[in-house]
Structure formats: structure tokens, C-alpha cells
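What follows is a set of notes on a single structure, which appears directly below.
Since the model is a prediction, treat every value here as computed from it, not as a measurement. Letters A, B, ... mirror the listed sequences (proteins, then strands); counts begin at 1.
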Amino acid sequence: MTPLFLTSDRWYDIRDLGNLSRALLDAADKILPGGVVYVLAALIGFVASFLLFVLPSQLIIGVYGERRIIGRMQSRLGPNRVGPFGLLQPIADAIKLIQKEALTPTQADRVVMYIAPIIFVMPAVLLWAVIPFGENMVIADIPVSLMYFLAVSALPVIATFMAGWSSNNKYSLFGAMRIVSMAISYESPLVLALLGAVVMSGTISLSGMVAWADEYTIWMVFVQPLALVIYFICVSAELNRTPVDIAEAESEIVAGYLTEYSGMKWGLFYGMDIGYALAASGFAATVFLGGWTFFGLEEWVPGWLIFIAKTHLFYFLFIWTRGTLPRLRADQLMAFAWKFLLPLGVFNLLIVSTERMLWAEQDYAKGLIYVFALVNIVLSVGLVYAWARFNGYRPERTPTRPRLVKQAGGYIPVGERP
Amino acid sequence: MTGIIKSEPFVINIGPQHPSTHGVFRIKATVDGEKVIDAEMVMGYLHRSMEKLAEERTYTQNIPFTDRTDYLSSMSNNLGYCLAVEKLAGIEVPPRGNAIRVIMAELQRLASHCMAVGAFANDTGAWQTPVMWAFREREKILDIFEVTSGARLTCNYMRIGGVAFDLRPEFEPMVRRVLREFPPFIDEMEGLLSENEIFIARTKGVGVLTPEMAINSSLSGPMLRGSGIAWDIRKADPYCGYEQYDFDIPIGYNGDSYDRFIVRLEEMRQSLKIIQQALDGLPGGPFRTEVPLALRPPKGEAYARIESPRGELGYYLVSDEGPSPYRFHIRPPSFINLSALKEMTVGGTVADAIVVLGSIDIVVGEIDR
Amino acid sequence: MTPGIEHFLTVGALLFCLGLAIALSKRNAVGVLMGVELMLNAVNLTLITFSRFTVSPNPIAGHTFVVFVLTVAAAEAAVALALAVAVYRNRETIDVDRLNLLRS
Amino acid sequence: MDGFGVSLAFWVLAAITLVAAGGVMVSRNLLHAVLFLILTFVGVAGFFVLLSADFIAMAQVIIYVGAIAVLVLFAVLLTPRASRDNGETRWALPGVLLSVCLAAIFLFVIHDTAWKTRDGVPQGLSASDLGTALLTTWVVPFEIASVLLTAALVGAIMLTRSPEEEAEDALA
């Protein structure tokens, strides 16, 4: 029975912690009957992935990093009280949230309200199973990992709906309705954008995409810039981060579906939000930024270090938009998804499939991909601008400065407008 | 065939405890889906019956009241009240007093507009960033107020006949610093928001106020100027020597929340021009004419109005030769500007109602008095 | 012992019959639709089981058929729910018992 | 695909799916029924993974859990005053009896016939094979399915348009 873990001889293969878990499992296998060691391996895998990916990712990077960077954007310091440079702030938050009482409103649907955070947390850990960190450091290298990502990212929508519906509060109902309708309308452009990347690289498995990026030494983002833009907008809609956070729009519906949540239940939602954002940026780094390869640099620098750097580069985009952009209205969002993103995705798919046909005739010459990259970048910019103009986007019509009476020659009577 | 039953509307309470109602103020909105069908405003949570209390106190003791009505622009309130008493008692204010009053009123307009612009961006969703920038600049002005009058928010600096204390030596460099650092801030705010597609999408065409509706509901201030009517009391009925200063009045194009936003930004630039001119030509001499503490103005009434950051702030005083006013009435601009809220919110969504409320820039202390 | 073809088929059959029971017995139109969805799922499961276990030149046929069942199920669900909403708007009820306009 | 793990997974998934399906039948609150339905869909997706049809499993989760379940949730929300107590019609008893008999027949047939099964996992069950099959041998039904989807899309929109929207379009 070959052990479950594929360990490479590279010194930095962190996944196996120096073959510790393998030795442990081999020993356990001799003692325990039958295949119980499978269960043990699964248990260790789950706990390891939770500790390795989810816990540090949103605690240290998410809660602390995000609040600090946004603080700096708003010309204030951000957390620096707890621990050295405020690094223990996430832990302080967690402890504060744990000892806070988790209320349940009287008329609320008690069971569903209790289950909702659990179902919200579970996919956050599952998402990390398919993302390749290094050479062969991927927990579950299934051939359909891209679709697996889409499938698992449909679960938190159900969880947020359950939270919103069960807390029996008008604002929560608003939040629940909004998130459900928005997630649906942003699912189709997301699939179209990823389809563009799949058609170009020919595989729907993430490690296949990384291999493609390594083989043709070009990142998918240069070949498919439009796909990345659409992906970013759709994912920030799925995770409802600003500028698309209408589900828990603080200024409009108090805290949306999270209004009635308090204590660690709210903490789970808040923490896992950041976990999803990291998982989504990890996914984007793998598909669009070439995963753990960096044009050959991965021989010296460990692969997973490159991957984590790219993930946080992409995650910074989420923080940046959260810090600066205002929020769109719900109906504007729907119109934007159906009338702007979807047709753009279809055009993009059209372009990519013709390119793939041409590329296939030249039996996948390496040089041709760079030509396609240039063509695509120019084409994408042109496509977006043309499509925006077609949809009536006239920026010069909205003057950003008011008229001044003296310059406009004295008193301007009522009703006379430019 | 029974009638088509739409999803039945339900009433949702925006306020009194809500993150974006700028104070204790409540809108009972009847909502069908996301659309607002009917909005009913409930006020009075902050009513302190100032007008009745003022009748028991002497004229000078009433000055701190005026700080607390519109707590975001206390200097303008003091100015309005002192002008009314001076008109009632026929007191002359020395030129230095007038110049200091103009500088203080314009500084207060800058600080109040910072708050208005930041809070409005906050309502559209730009979470905290514009507010924090605006507050960073507003701090510099509050420091100036603290140096001159001893308090940051409720300054109680103006007296009948002039101002309480003369300007301290540190005043000049601090105001120069504000004059130097505010224009880049306004340009930065304009860059972040005015040209931002999402901000324009959220505020353009939201809460449109036609000029006729603005005039009929007697609005004033940025609300009126946003709809394209050039009416500013500093130009129409100049007080404290405003006619000497060269400044301009910005007016909007089609009276929506976006226009009110850019009008406020432009007003901040004009205020800087006024402060610059007033500071350069600051006359010497006394800063206050001596007025007896128990002032007994002759029988009669007086109404004085000024251009406060929110609109036309008026004080109506009736005297029966007693030490305290027989009748003390404040014409609050926010209260009257709010009357247009219903027409502007009905028809839009809940999110629009919040944006419109932000664009009106109300202060609840002034509404409930 | 490893699950053979009978195990998967029994689960499929049980699921189908449960779906049928739900479809027949529920009063709310949405409940009936849920029953139908369950039956379609059971059919999918059985198709995949046959595609996996039986000896056939191209076993992928089972998968293609399941893809078509998925699309039909999605289309049918959309239309059925639109119907339910439209009926609700006219009758203010979607109780299957009380929708008896055609009765004499 | 043999060994202890697979049979353990099979029995766990069978339990989850059938209990959840029972939950749809039994639960009093309609929304709980919908949540049980979602659990059933996930259980069936788990079966597909067991039967090495991983593309179909992912498609099932995306389409059923991602779209159809949410569609059902919307339908429940858009009918506020309809009865949400997941009650039974008068025909409940005969319906259940009929399905029990049907189940008996199915089970008898399953366990009576000697199925001629292959031993190993068949090759050619990957997503790319499905893709090639769909676009070569099965291309006609594939196109018909897309036409059907568009028809359903238009039909659903037409059914739920409110009179005001129709009035607006009449003016436009």
C-alpha cells in the first residue's frame, strides 16, 4: 500500500514536515486493523490544511494585514497596540469574540441560524484542497479542479441566505435577497471568463494550467487580460467585498445578513470572508499568474514561496478596492452583470477560440503565443472601450466642476442650463 | 380574476439608531421590494426647547445656546445671533471685529463642509477613506478654534459688539498653514470621488430637485445652489463687510446629489479665497465695542440672517426692554431643507434614500433645537 | 465489502420512490417540484451507475445523457417556478388542491 | 477504487442522501425542506465522485446547488402568503402506497437479475472524453438542448412579467 503522501526530495517540501506524518502513519498502519489509517490520514490532512492555510492566512494576513493597509490608506495607523507592531491583534479579536455572548433573536429559526456559520466555514477549507502550492504539493490533484472551485464557491451563497433568512429581521432579509440574486447574476460572467483561460490552456485542472504557463513561459494574464478583469469583478461580487458589498452594506441595511449575529458566530463569518478572498486570490494566482512557477526561478526559490507572494499580490487588489471605491446600488449591479460583463465574456470567448484554432494549425508554436498576448491586450482594451461607448458611457457629459456666477457673467436666471 | 397581488409592501425604519442618519433622526419608509413608496420623517428626538429657555436668560447668556443648535458650525451660529442683537440694539462693530468674524465664519464653513463631503462619500459606500481624509484636514481648523476661543466644537467666541478675545500670535501661521494645505486636499478628494465612475453612477440623477421645487419649499444654501439658482446671502444681503471681499458663488446643473457634492467642494475653494483676503487686510484697532452686561435693547424686533454652511440661518428677536429677549426664534436651514426629502426619496430605492439624506447634509441639533 | 452495482441501484431506486412520494403528496406546488427534482436526480444516479459498471464500447454515453437530463431539469425547474409565481400572483395561493379551475 | 475507504464513503453517503430525502418529505417548514433538498443534491454529487464521474459531480453541484436550489428558494420567497407548512394533499396516502409498491418492484428487479458487470474502472470517462463525445457523436441533441434552454429562459421571463412591465413595453 503506497503511502498517501508524495514526498519529493526537495529540502523545502513543507507539506510533509520532513516525512513526519508518513512515518507516523506507517507505524499506525501496523497497529490499527484494516484501512483505518485512511481515516487517520484524512483527519491529519484536514487539521493540517486548516492550520497551514486557513488559520494563518486570515488571521495574520487577512485581519491584521487588511486593517493595517486600509488604515494606512486612510492616513491612520491601524492596529499596533496588541503585541509587537500589533501582530497579536487577530488573536485578541478572536478571544474577544469567543467570550462574547452569541445572541439568537426569539422568533429566529434557531437551528438554521446555528448551522449557517458552520456551512459558511466548511467550503473555506475545502477550497484549498485543489490549489497547487509547489512542485507536487497539492492535496487533491483532481482533473476537474477548476470546476471543483466553482462548485465549492456556490456553497457560501446558500450559507449566507440561511443566515439572512433565519435571523427574522427586515435588514437581514434584505441582505439575504440581495446576496442570492447577485451571486447568481455574477456566476455566469465568472464561468465565461474562466472558460477563456481554459480554452487557451486546454485543461481544466489547476496543475495542468501551471504546467502550461511553465511550458510556454508566459502567464495567462498576458494572454487573457480581459478574463482576469472580469474574474476580479465577479469574485469580488461573490465574496461581496466593496465595491460590491451590497449584502452587508453598512450604510444602507445596517449589517445585512449579519445584523443579528454576534460573538463567535459573527467572527466565523468575518474570518471566513477573508479566507475566501485569499482562496480566490490563490486561485487567480494559479490560473492567471502562473501558480508557483516564475520563469525558472522556482529552481532556487521554493515554489510555495512564489505562490504565496502572488496570492498576496492579488489579495492586495481586494484591499485596495475596499479602501477606496464607493458601493454600487443593487439594481445597477445586476444591470452591470447582465448587460456589460456577460456580452464582454462572450466576445472574449469568441476571440480566444479563434486564436486557439489558429494556434492549433501551427501545432502550438511557442512564439505565436506572444503574438496572441499582444493582440489580446490591445483587443481587450479596445473591446471594453467600444462596448462601454456603445452602452452610452459619455464621461465628458458629466462636468466635475460647478459653474461660477461671476465667471458666467453675473446672475444666471432659473431654468437656463447648458 | 382577482387583482394582481404584488409582493405586499412592508414598513422599514431607517433610524433613529442607524449608521447613516447623521444623528437621531428616523425615516419610516414604506418599501415595496427595494423601491420606496412612501417616506415619513419622525423628528424631535433631540429637542431641548432652546427657544423657551432663551427667554429666561440675558442676551449675553444666550450665546452658548447658539453653539449647541448646529454643533458643526458654532461660529456661524454665534455670528447670526450677535448680528440680530446688534441690529436690535443698534450697536456698531469695529472693522477688526468684523474681519475676525468673517475669517472665523469661513473657517467654520470649511470644517463643516469637510464633515458634509466626507459623510456623503461614506453614505455612498466609500467606506471611511474620504471621511478620514476630511477629518485629518478638519483637525487643523479645530486646532485654530481651540487656540483662539478655547474650545474645538462649541466655541462661544463671539460677543455682542465683536469677539471675546483678540487673536493670539500663533493664529496667523496656523491659518497660513490651512490656506497652504487645503487646496491639494480638495483636489485629492475631487480626484478620488468626482471622477469616480461608481460614485457618479450612485449620485447622478439621484434626489433631483428642480429649481421651481427648490424655491417653492424655500430651501437655501448648497441645496438651492445645486439646482442652479445663484442665491447667497453673503452676496444678496451682505453682513460683516462681505461686500469688500471678491469671491464667487458655485451653482450646479440639474440639482441632483452629485451637483450638491461638487457645489460644496467649490464653496470650500471660495472660502479659502475669502480667508486669504480677510487675513491679508486684517485692520488693527479694537476688536469689540463695550456693551453693558445687562443689555436692555429698546422695545422692538429684529431679524438677522447669515449664510451658514447649511443655508440661510436666521435669528428673530423681540425685545420688551427687559434684560432677556421676549421672543427668541431661530430659522434653521436644515429643518427647512429637510422638507424636500419626501419628494426626493419617493420612487428611488432604500440605498438612494440614504444618499439623498447625505446630500442634504442635515444636523439634527439644528432641526430639533 | 466494496459497493457493487446493486448497492448504487438500490440507492437510486429508493431515491426515485421517495421523490415520487414527495411529488404526489405535497400540497405546495414548490414541494411538488422538489419531488420531481429528486426523481430526476435518482435517474441521473442510475445512468452513471450503468455507465460505470456495465460492459460497453463507449461508457461515456451515460455521461452525455446525464448532461442532457441536467439541462432539461434546469429548464423545467425554471419554467415550473415561473408558473408557480404567476399562479400565485393571480390566485394568491399555490396549493395544488385549490387550483381546480377546470373542474366542472 | 476498492478497499475500506470506498465502502465507508458509500454507506455514509447513502445514509446522508436518503435521510435528507426523507427530511424533504417529513419536515414541517418548507424552507427546511429546501435545505434538506440541497443536502440531497450534495449527497448525490458525492455518489458521482464514487462512480468516478467527477465532471458530472462538479456539474451537479454547480447546477443543482448553485442554481436550481437558489431558484426554489426564490420561488418560496416570492410567494409570501402561500402556505409554507409543507403540508400534505388528500392524495398523500395513496401516493405513498404507490411509491412503496414501486420501490418493492424496483428492489426485486435489482436483486433478482444477475448483472454482467466489468471488473476494473472503464477508461475514457474523463471530462475531455465527455467533451469530445458531446461535440462529435451527440452534437444534434447538444444543439437541441441549448435551444430548449433559451426557450425555457424566454418562457420563464414571459410568465413572471408584471402588468406594469408589459405596459411599459407596450409604450416603448
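Of the listed residues (Ala103(D), Ala69(D), Ala67(D), Pro141(D)), the greatest number of heavy-atom pairs within a distance under 4.5 Å of chain C belongs to Pro141(D). Annotation: maximal heavy-atom pairing with chain C below 4.5 Å, among Val96(D), Leu97(D), Val72(D), occurs at Val72(D). Of the listed residues (Ile48(C), Leu33(C), Leu14(C)), the one with the most heavy-atom contacts under 4.5 Å to chain D is Ile48(C).
Contacts between Leu134(D) and chain C at a heavy-atom distance below 4.5 Å involve backbone atoms as well as side-chain atoms. Looking at Ala29(C), there are no atoms closer than 4.5 Å to chain D (heavy atoms on both sides), in backbone or side chain. The parts of Val34(D) that come within reach of chain C are both its backbone and its side chain, each placing non-hydrogen atoms under 4.5 angstrom from that chain. Of the two parts of Leu107(D), only the side chain, counted from C-beta on, holds a non-hydrogen atom closer than 4.5 Å to a non-hydrogen atom of chain C.
For the pair Leu102(D)/Phe16(C), a side-chain contact is recorded, criterion being any heavy-atom separation below 4.5 Å from C-beta on. You'll find the side chain of Val44(D) stays beyond 4.5 Å of the side chain of Asn44(C), heavy atoms only. Residues Val11(C) and Phe10(D) are in side-chain contact: their nearest non-hydrogen atoms beyond the backbone lie under 4.5 Å apart. In this structure the side chain of Leu15(C) reaches within 4.5 angstrom of the side chain of Thr40(D), judged on heavy atoms. Annotation: side chain of Asn28(C) is not in contact with side chain of Val76(D) (no heavy-atom distance under 4.5 Å). Residues Phe106(D) and Thr10(C) form no side-chain contact, since every pair of their non-hydrogen atoms from C-beta on lies 4.5 Å or further apart. Under the 4.5 Å side-chain criterion, counting only non-hydrogen atoms from C-beta, Thr117(D) is not in contact with Val55(C).
Listed by chain and number, the residues in a side chain to side chain donor-acceptor pair (under 3.5 Å) with Thr113(D) are Trp115(D) (sequence neighbours excluded). In this structure, the side chain to side chain donor-acceptor pair (under 3.5 Å) partners of Ser51(C), at least two apart in sequence or on a different chain, are His63(C).
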Output a table of donor-acceptor pairs, distance under 3.5 Å, between side-chain atoms of residues 58-66 of chain D and any protein atom two or more places apart or on a different chain; print 'none' if there are none.
residue  : atom : partner  : partner atom : Å
Gln60(D) : NE2  : Phe41(D) : O            : 3.1

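Contacts between residues 19-29 of chain D and chain C, counted as heavy-atom pairs separated by less than 4.5 Å, involve Ala21(D), Gly22(D), Val24(D), Met25(D).
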